[in-house]
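Everything on this sheet refers to the single structure shown next.
These numbers come from a predicted model, not from an experiment. Just so you know, these numbers use all the heavy atoms, side chains as well, and skip hydrogens, waters and symmetry mates.
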Number of protein chains: 2
Amino acid sequence: MFQITEGELKYLNEISSEIKYPKGQIIFSTSQKANEVYYIKSGLVKIYRTTSDGRQVSVAIRYPGDFIGLAEVLSNINEREYSAEAMDNVSILIIWKDGFKKMLCEMPEFSEKLIRLMSDRLREAQNTIYDFIMNPIQGRLAILLLTMAERAGDKSEDDIIRVRLRVTQEELACVIGSARQTISSLLNLLKEDGSIQYEGREIVGVNPNKLKLWIQE
Amino acid sequence: MFQITEGELKYLNEISSEIKYPKGQIIFSTSQKANEVYYIKSGLVKIYRTTSDGRQVSVAIRYPGDFIGLAEVLSNINEREYSAEAMDNVSILIIWKDGFKKMLCEMPEFSEKLIRLMSDRLREAQNTIYDFIMNPIQGRLAILLLTMAERAGDKSEDDIIRVRLRVTQEELACVIGSARQTISSLLNLLKEDGSIQYEGREIVGVNPNKLKLWIQE
DNA sequence: CACAAAATGTAATCCAGCCGACAAAATGGA
DNA sequence: TCCATTTTGTCGGCTGGATTACATTTTGTG
């Protein structure tokens, strides 16, 4: 998908400052001014909104190599529509709007790539909508675990993805719009079934082929 | 949101050919070659996928002034991931990939605007995901009717949107991931409630304020 | 090490909304 | 105008999964 080049990263490093956020820290939140974009160097970030009754609803998870906070800046919206929170210890580049827009002008191939990036994200979001309509909870959970493993893990020799995911059931529930208790029992089913492997409270292995059996279509 | 200029439309007219599709006609479908983008001059188009068991799942509805078929072309995907079908009599410009990409190079402000467009669509899709998680069926239906009215209707003197929507319950059901029968009774509730007005089988008026009462958050 | 806080497991209850089945109404061709 | 086809209305039964309510385990912290 989207891959940043050496040159671009160098440019980014010059116009940004690096910040580390500990797990649980909020990077930006709804209705703050949207004056910067962020580039994730390491760690996972969840994009979410807090509802009036206090629940959290996540619409995406972003991984190392992803930009976040892009949509508001590119759409020229003044305020953040979603919040972003570090799901573990996260290292991030902060890039000010003006610098970022200057970069877009000066590096036309980067600008071109950005169109592709937004396009990829749109397709991804549409697929999420599709999956929500098509799949019952188990399917959505399977899809989520699969994508998380693919994006955050290293593919090893056999077809089991080695990974290191420390994510609570509550967080998973927010992403697929479900209840924590339901996730609890489903995860146990997946465990028995060999679709996922735990080590303590950390997911360390994911079997794509077995997981896919839970997914509709 | 996205507004095309006189100049851009003129340019588009030169590199495109206009085609009219009668209601129900398929404009492109899944796994066809993705060699062109389309610009809707009039009419509504649904973007959907047919599942293995024959059901249709819609992920978006596009309106006059929208481009369709963009994502595959901009992402450099070879095959269509979704199908597009005329929801009524539709008039469309077909623009070949090469011509479109040439236009992007020659009109940098257009290219810039396209980034904004994709960004807008991404936000829209994320909001759809959010709504799916937050809202039960009535809420989703209300949101759908509201956006359809806002995009396809003319705002009149009072705060009722005058519109002319000929859409079957089946189609509505596909968009919000529900069953036709459920839509049937909900529409009747909305009718009684004064949220929407029918004339025969056509929705001709929508009351945004009343509709919003059905929406969570 | 002890204790509070966070995360998980489990089970009973309940209900929104899907599904099947059918009747009625509207629409559009011939 | 008539008949086939499409679209809509309605109703009961069934079920996935939310909700409530605890018990148990794990984790971090003074």
Can you tell me if A:E79 has over 12 outside heavy atoms packed within less than 6.0 Å of its CD? yes
Check each residue of residues 179-191 of chain A for a non-hydrogen atom within less than 4.0 Å of any atom in DNA chain D, then write out the ones that pass by number, or none. A:A179, A:Q181, A:T182
Centroid-centroid distance, B:F28 to B:Y38, less than 6.0 Å: yes
Out of D:dG17, C:dA25, D:dT27, which has the shortest distance to the side chain of B:R201? C:dA25
Return yes if a side-chain donor-acceptor contact under 3.5 Å exists between [X] and [Y], otherwise no.
X: B:S29; Y: B:S83; value: no
X: B:S91; Y: B:E18; value: yes
X: B:K46; Y: B:Q56; value: yes
X: B:S195; Y: B:N207; value: no

Salt-bridge present (B:R80, B:E72; N to O < 4.0 Å): yes
Without decimals, in angstroms, what is the distance between [X] [atom1] and [N] [atom2]?
X: A:E199; N: D:dT27; atom1: CD; atom2: P; answer: 12 Å
X: B:M134; N: D:dA18; atom1: CE; atom2: C1'; answer: 14 Å
X: B:I196; N: D:dT8; atom1: CD1; atom2: P; answer: 12 Å
X: B:D53; N: C:dC19; atom1: CG; atom2: C1'; answer: 14 Å
X: B:L141; N: C:dC18; atom1: CG; atom2: P; answer: 11 Å
X: A:N135; N: D:dG17; atom1: CG; atom2: C1'; answer: 15 Å
X: A:I133; N: D:dG16; atom1: CD1; atom2: P; answer: 20 Å
X: B:Q138; N: C:dC18; atom1: CD; atom2: C1'; answer: 15 Å

With a 4.0 Å cut-off on heavy atoms, is A:E171 in touch with a base, just the backbone sugar-phosphate, or nothing at all? nothing
A:S178 or B:V167: which one's nearest nucleotide on DNA chain D is closer to the 5' end? B:V167
